[in-house]
2 protein chains.
Amino acid sequence: MSTETEAVAETGASFTGETDAPASKAEAMKARLRDEVISHLAPHDPLPPERELANRFAVSRATVRQALARLADHGWVYRVQGSGTFVADKDLVTKSPYLTSFSEDIAERGMTPGSRVLRLEHVRADERVARELLIPVGSRVVHIERLRTADGAPLCVEGLWLPEWLTGENLGPELLGSLYAYFEHAGASPARAHQTLRAVTLDEAQAELLDTEPGAAALTVSRIVFDAHGRRIEASNSVYRGDRYDFQINVKRRA
Amino acid sequence: MSTETEAVAETGASFTGETDAPASKAEAMKARLRDEVISHLAPHDPLPPERELANRFAVSRATVRQALARLADHGWVYRVQGSGTFVADKDLVTKSPYLTSFSEDIAERGMTPGSRVLRLEHVRADERVARELLIPVGSRVVHIERLRTADGAPLCVEGLWLPEWLTGENLGPELLGSLYAYFEHAGASPARAHQTLRAVTLDEAQAELLDTEPGAAALTVSRIVFDAHGRRIEASNSVYRGDRYDFQINVKRRA
DNA sequence: TGCCGAGATTGGTTCGAACCATTTGGATTC
DNA sequence: GAATCCAAATGGTTCGAACCAATCTCGGCA
């Protein structure tokens, strides 16, 4: 039941946030450019020049440039100095390298996220967790293990460790809903993360949970999440079925 | 022999480019901030305010902000609105999501890249290659297969496909040196790429080449590379040993 | 016909300024 | 002593302007 709660809550939030109240003029410009300009053009068609867009939409060129930069990050357009800004091929639009929750990530891919809690307990931090959370070895931390699903099918086994200075003695259901909402409530909103991707093979227990064979390929995403104050609020390790998940990213050549 | 040529050439370029001629004031500011400010501070110490930095280094605040933004991308600092900019923990500095060649990537990790060519030939584009390069099925493409090494140890098997409009009938040694240098020469400098990461297991042939066991975990990086004109100049597929390679990235929470 | 160069066009960088949003810390108040 | 409020400090956004760098266009020239 808590699985559905989270799915609905986070999905809803992610969708309404898109059109409600643009956080800035640049964000609004980004949406307008996508809907009113790019959608009327074919791939590799040039967009109007920045100066003309600034004039037409009654904003400064800086705002237009910020919007265009974000569109380029997402793979909607590409830019050529001295030449123009062009519509990109539509088959390669990806999310930017932004920090997202599992639910947001899955919803963005057009599926319905779900989750089943396998474990929820206080444990002592081992060497790895202590190093990742920057706390002494043996400190008490909350450990959560969840099976995450997309459209009902098992997709990933997720292990989470939260420092106890954040959670207190708490082990209640609020830790089982949207974790990111809980972070907000605790005054430690996620701000940035360091992620490491590796390839591994599944052991028997993991294979059982993910409904596949031991030795199958899996993608592990290890993540250390920071709040706005630079405090480490989560260490996690997600093991994704290799045949059902990939990680896409657009990169630019450095100057 | 061509392996050493590439390694030396690309490594050298990557290192000299750092200090020679700053491409812009912002890039220079980034280096100066790292060397003259951050290096004298401890993690979580605040940097001087933007306005003061702008004054001290005699540049505009916009330039300072651009430099700080790039340092944040690389994980050197983190920023908190209303509070300040702070030195980040030093164990999590990564390269930004920039497009790099294998040689640059390995050199950045402090190892020496090498390569052995396994195959070099003209082939007809199959369905996948045709789709990725946006050319008709059956078009002639150059196919290169290389074993890539780091400090002499096999790290990845790399398959490349280049459209023939770029290479012509050419199959000479210039294709075996630094490929990115060849792109420059051909007037098609790499500008951006779309990457997909997946986890797979190695088949027997791959395991043999990578000096490990069939069924071992491997990370595949599929890449479509574009030049400044949006033309697709390379489709590639690199299979990395899962126990010797990971992919690190810093991400921020979206606004 | 082909090449070359000058000028126009376009995105990229830098500047200075003003204002907004958030955070912080001290003063005030109870 | 605790809670509240307010002003200052700081990063974030937007504006207008100027100039730089790469590219494109088109006319002149060989």
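Scope of the values below: all heavy atoms of this structure, side chains included, with no hydrogens, waters or symmetry mates. Reminder, nothing fancy here: chain letters follow the sequence lines and each chain counts from 1.
In this structure, the side chain of A:Arg192 does not engage the main chain of A:Phe226 through any donor-acceptor pair within 3.5 Å.
Phosphate proximity of C:dG12 to A:Arg79: present, with a side-chain N or O under 4.0 Å from OP1 or OP2. The phosphate of D:dG16 has neither OP1 nor OP2 within less than 4.0 Å of any side-chain N or O from A:Ser60. Put simply, A:Ser24 has no side-chain N or O that comes within less than 4.0 Å of OP1 or OP2 on D:dG12.
D:dC15 atom C1' lies 15 Å from atom CZ of A:Arg65, rounded to whole Å. In this entry the distance linking CZ of B:Arg70 with C1' of C:dG12 reads 10 Å, nearest Å. We find that NZ of A:Lys30 is positioned 13 Å from P of D:dT13, with the value rounded to whole Å. Nucleotide D:dT10 holds its C1' atom 15 Å from the OH atom of B:Tyr78, rounded to whole Å.
Residues from residues 36-53 of chain A that place a heavy atom under 4.0 Å from any atom of DNA chain D, listed by number: A:Arg51.
With D:dT14, C:dT13, C:dC15 as the candidates, the nucleotide lying closest to the side chain of A:Arg61 is C:dT13. Side-chain proximity of A:Thr85 to the nucleotides C:dC15, C:dG11, D:dT14 is greatest for C:dG11. Here D:dT23 is the nucleotide among D:dT23, D:dC15, C:dG11 with the atom lying nearest to any side-chain atom of A:Ser83.
Toward the 5′ end of DNA chain C lies the nearest nucleotide of B:Thr63, the other residue of the pair A:Ala228 and B:Thr63 mapping further downstream.
Checked by atom type, the side-chain pair B:Tyr78/A:His229 shows no donor-acceptor distance below 3.5 Å.
Salt-bridge annotation for B:Glu50 and B:Arg79: present, with a side-chain N of the basic residue lying under 4.0 Å from a carboxylate O of the acidic one. A salt bridge is absent between A:Arg223 and A:Glu158; no separation between the charged side-chain nitrogens and carboxylate oxygens falls under 4.0 Å.
Side-chain contact between A:Asp105 and A:Arg109: present, with at least one pair of heavy atoms (C-beta onward) separated by less than 4.5 Å. Using a 4.5 Å heavy-atom cutoff, the side chains of A:Glu132 and A:Trp161 are not in contact.
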